[in-house]
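What follows is a set of notes on a single structure, which appears directly below.
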Amino acid sequence: MRPGLSSSVYKRMNSKDFVGDPNRADDVSDRLLNPMDQDIGNPSWKPSLPHVCIATVSSFLFGYHLGVVNEPLESISLDLGFTGNTLAEGLVVSMCLGGALIGCLFSGLISDGIGRRRSFQLSTLPMIIGASLSASTISLVGMLLGRFLVGTGMGLGPAVASLYVTEVSPSSVRGTYGSLIQIATCLGLITALFIGAPVKEIVGWWRVCFWLSTVPAAFLALCMEFCAESPHWLYKRGRVAEAEVEFERLLGGPHVKLAMAELSRSERGDEGESIKYSELFYGRHFRVVFIGTMLFALQQLSGINAVFYFSSAVFRSAGVPSDIANICVGFAYLSGSVLAMLLMDILGRKSLLVGSFLGMAAAMGLQAIAASLSDQGSWHVYLSVGGMLLSVLAFSLGAGPVPSLLLPEIFPNKIRAKAVALCMSVHWVVNFFVGLFFLRLLELLGAKILYSIFASFCLMGAIFVRKNVLETKGKTLQEIEVALLSAV
């Protein structure tokens with residue numbers, strides 16, 4: 001049951017007060033944003049935290065489904081009759097990527113059309129159906145279809161989560177809350193690895209791994225029914241009174257007037273109907289869209305997926321079992337994610353991004369050096385292990401969590417959903433091609449040159465962030481929009 005607003009808190013203003021009379025809206029905004037007014041401080045972080053935590057379940061599912069086939073793949077291939085078929089094994093692993101691209105491409109239209117809450121609930125349907133199909137199938141075709149369906153939910157859910165967490169979080173803790181998305185993804189990966197551990201001892205355990213994923217998906221769908229809708233989406237749809245109600249739930253009554261006035265001032269510069277995807281490539285919005293797509297492209301070109309793909313092989317060469325290797329990588333990833341959460345609203349997004357890319361460049365440099373010294377004793381293996389763990393740690397400190405947080409912050413409300421969908425689609429496309437060509441490039445160029453190329457992309461990322469990215473720490477979404485558009 002949704003709480004109503006106390007009339008003692010403030011006098012409710014309907015949509016005509018804001019959008020029907022520009023002069024009145026200006027007067028309201030100026031009066032409410034007057035710095036001489038009494039300072040009511042930052043909103044409390046407590047009211048919005050439960051809503052954010054529920055939203056990050058979609059990221060937990062994302063991480064879980066990425067890792068759910070790692071340990072059980074051999075058992076799956078044996079039971080479904082494609083043992084030794086590397087192409088089929090590769091499809092089982094990567095089919096969800098194709099589905100994720102489709103889901104991500106449509107996430108902007110869906111989240112703008114039916115709202116953030118309903119989009120979360122919609123994303124759970126293909127995850128539940130796909131996981132159930134994969135768990136019960138007796139053929140490779142059924143497994144691939146199930147993985148594709150799960151992928152569409154994986155593409156839709158995290159994209160909506162980035163929007164939702166940005167739009168419901170107080171500006172003072174938005175960076176911290178945004179980091180919870182990566183922590184949830186990491187926890188999903190680790191959970192999948194631990195749940196998959198008994199697969200070699202228990203016949204058919206891989207089916208249980210898929211069945212278990214339906215539980216958090218159903219939990220997300222149910223709990224979203226009681227979560228707040230994004231006030232930004234409601235205002236954009238002309239449902240101003242409902243936006244006020246949700247702002248009170250998320251920020252507290254004393255902050256509703258200021259939040260509504262800032263949103264009104266921002267929206268008056270975005271008159272007209274919702275834009276088309278083609279309009280993102282020109283005009284005043286092109287710069288922020290270009291920054292977003294480049295951040296995700298550089299994130300994937302940094303070589304982090306190559307590190308994840310071959311971590312077990314590197315550890316095995318050092319005499320470390322694969323399960324211990326997974327724990328080490330997972331611990332490095334989780335440690336960096338937690339540290340990023342603590343530092344996001346202290347050091348800021350830009351500083352963490354620059355430091356992260358520089359750290360990854362150094363880590364890739366270590367691995368390139370280790371590859372060049374492979375014929376000079378076994379100690380180079382430990383150098384490679386150190387470089388790999390440093391790369392994972394550096395990635396989780398900035399290049400991992402910041403882009404998905406920063407993009408919804410820098411995009412105006414009018415284009416936010418579609419722009420995030422476009423940029424995250426670039427992530428999936430580059431991810432796919434890096435995975436597709438990595439082994440071939442490794443054969444043609446060798447590890448030394450390839451890791452040097454990755455290090456170069458990391459340095460490019462640091463330079464790009466330094467020159468183009470605006471620091472958004474502690475700023476409201478409307479302040480960020482004004483700052484970016486004034487720089488065009």
Donor-acceptor pair, distance only, cut-off 3.5 Å: does the side chain of [X] make one with the backbone of [Y]?
X: Arg207; Y: Thr137; answer: yes
X: Glu229; Y: Arg116; answer: yes
X: Arg147; Y: His65; answer: yes
X: Ser230; Y: Trp233; answer: yes
X: Tyr177; Y: Trp45; answer: yes
X: Ser58; Y: Ala55; answer: yes
X: Ser356; Y: Ala394; answer: yes
X: Trp205; Y: Ala197; answer: no
X: Ser264; Y: Met260; answer: no
X: Thr56; Y: Cys53; answer: yes

On a heavy-atom basis, which atom in [X] and which in [Y] lie closest, and how many Å separate them?
X: Gly63; Y: Leu189; answer: O-CD2, 3.3 Å
X: Val160; Y: Ser119; answer: CG2-CB, 3.8 Å
X: Gly330; Y: Ile190; answer: O-CD1, 3.8 Å
X: Ser425; Y: Cys104; answer: N-SG, 3.5 Å
X: Leu133; Y: Gly146; answer: CD2-N, 3.7 Å
X: Glu74; Y: Ser77; answer: O-OG, 2.7 Å

TODO: Would you mind telling me which of Asp345, Leu352, Leu353 makes a side chain to side chain contact (heavy atoms under 4.5 Å, CB included) with Arg349?
DONE: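 Considering Asp345, Leu352, Leu353, a side chain to side chain contact (heavy atoms under 4.5 Å, CB included) with Arg349 is found only for Asp345.
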Task: Salt bridge flag under 4.0 Å for residues Arg416 and Glu167 - done: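 Yes.
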Open item on the list: Check this for me: does any side-chain nitrogen of one of Lys473 and Glu409 sit under 4.0 Å from a carboxylate oxygen of the other?
Closed with: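 No salt bridge links Lys473 with Glu409.
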- [ ] Indicate the ring-plane relationship of Phe296 and His427, choosing parallel, tilted or perpendicular according to the 30° and 60° boundaries.
- [x]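 Phe296 vs His427 ring planes: perpendicular.
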Open item on the list: Would you call the rings of Tyr451 and Phe454 parallel, tilted or perpendicular, taking 30° and 60° as the class edges?
Closed with: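 It falls in the perpendicular class, over 60°.
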Roughly how far, to the nearest 0.5 Å, is [atom2] of [Y] from [atom1] of [X]?
X: Thr124; Y: Leu220; atom1: OG1; atom2: CG; answer: 6.0 Å
X: Lys467; Y: Ile463; atom1: NZ; atom2: CD1; answer: 7.0 Å
X: Ser302; Y: Ile453; atom1: OG; atom2: CD1; answer: 13.5 Å
X: Leu101; Y: Leu97; atom1: CG; atom2: CG; answer: 9.0 Å
X: Leu393; Y: Met388; atom1: CG; atom2: CE; answer: 12.0 Å

Task: side-chain contact (heavy atoms from CB on, under 4.5 Å) between Gln300 and Trp428, worked out - done: CA-CA 9 Å; Gln300 295 304 305; Trp428 287 111; over 6 Å; no
- [ ] Tell me, with the steps shown, if Met224 and Arg118 meet side-chain contact (heavy atoms from CB on, under 4.5 Å).
- [x] CA-CA 8 Å; Met224 263 299 149; Arg118 298 305 180 203; over 6 Å; no
Task: CZ/Phe464: more than 12 non-hydrogen atoms of other groups inside 6.0 Å - done: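 More than 12 within 6.0 Å, yes.
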Task: Phe194 atom CZ, over 12 foreign heavy atoms within 6.0 Å - done: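 Check fails, neighbour count at 12 or below.
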Do the side chains of [Y] and [X] get nearer than 4.5 Å, heavy atoms only?
X: Cys223; Y: Phe120; answer: no
X: Leu406; Y: Val469; answer: yes
X: Leu212; Y: Tyr64; answer: yes
X: Val289; Y: Phe411; answer: yes
X: Ser162; Y: Met424; answer: yes
X: Leu156; Y: Phe106; answer: no
X: Ser136; Y: Phe210; answer: no
X: Ile110; Y: Leu122; answer: yes

Open item on the list: Can a side-chain donor-acceptor contact be found between Trp206 and Asp79 if the only test is distance below 3.5 angstrom?
Closed with: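 The answer is yes; a qualifying pair exists.
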Task: Trace of the side-chain contact (heavy atoms from CB on, under 4.5 Å) decision for Ile304 with Ser391 - done: CA-CA 7 Å; Ile304 187 61; Ser391 182; 4.2 Å; yes
TODO: Given side-chain contact (heavy atoms from CB on, under 4.5 Å), test Leu389 with Phe331 step by step and report yes or no.
DONE: CA-CA 9 Å; Leu389 291 177; Phe331 179 76; over 6 Å; no
Expected list for residues 181-188: side-chain donor-acceptor pairs under 3.5 angstrom, two or more places apart:
residue: Gln182; atom: NE2; partner: Ser337; partner atom: OG; Å: 2.8
residue: Gln182; atom: NE2; partner: Ser396; partner atom: O; Å: 2.8
residue: Thr185; atom: OG1; partner: Ile181; partner atom: O; Å: 3.0

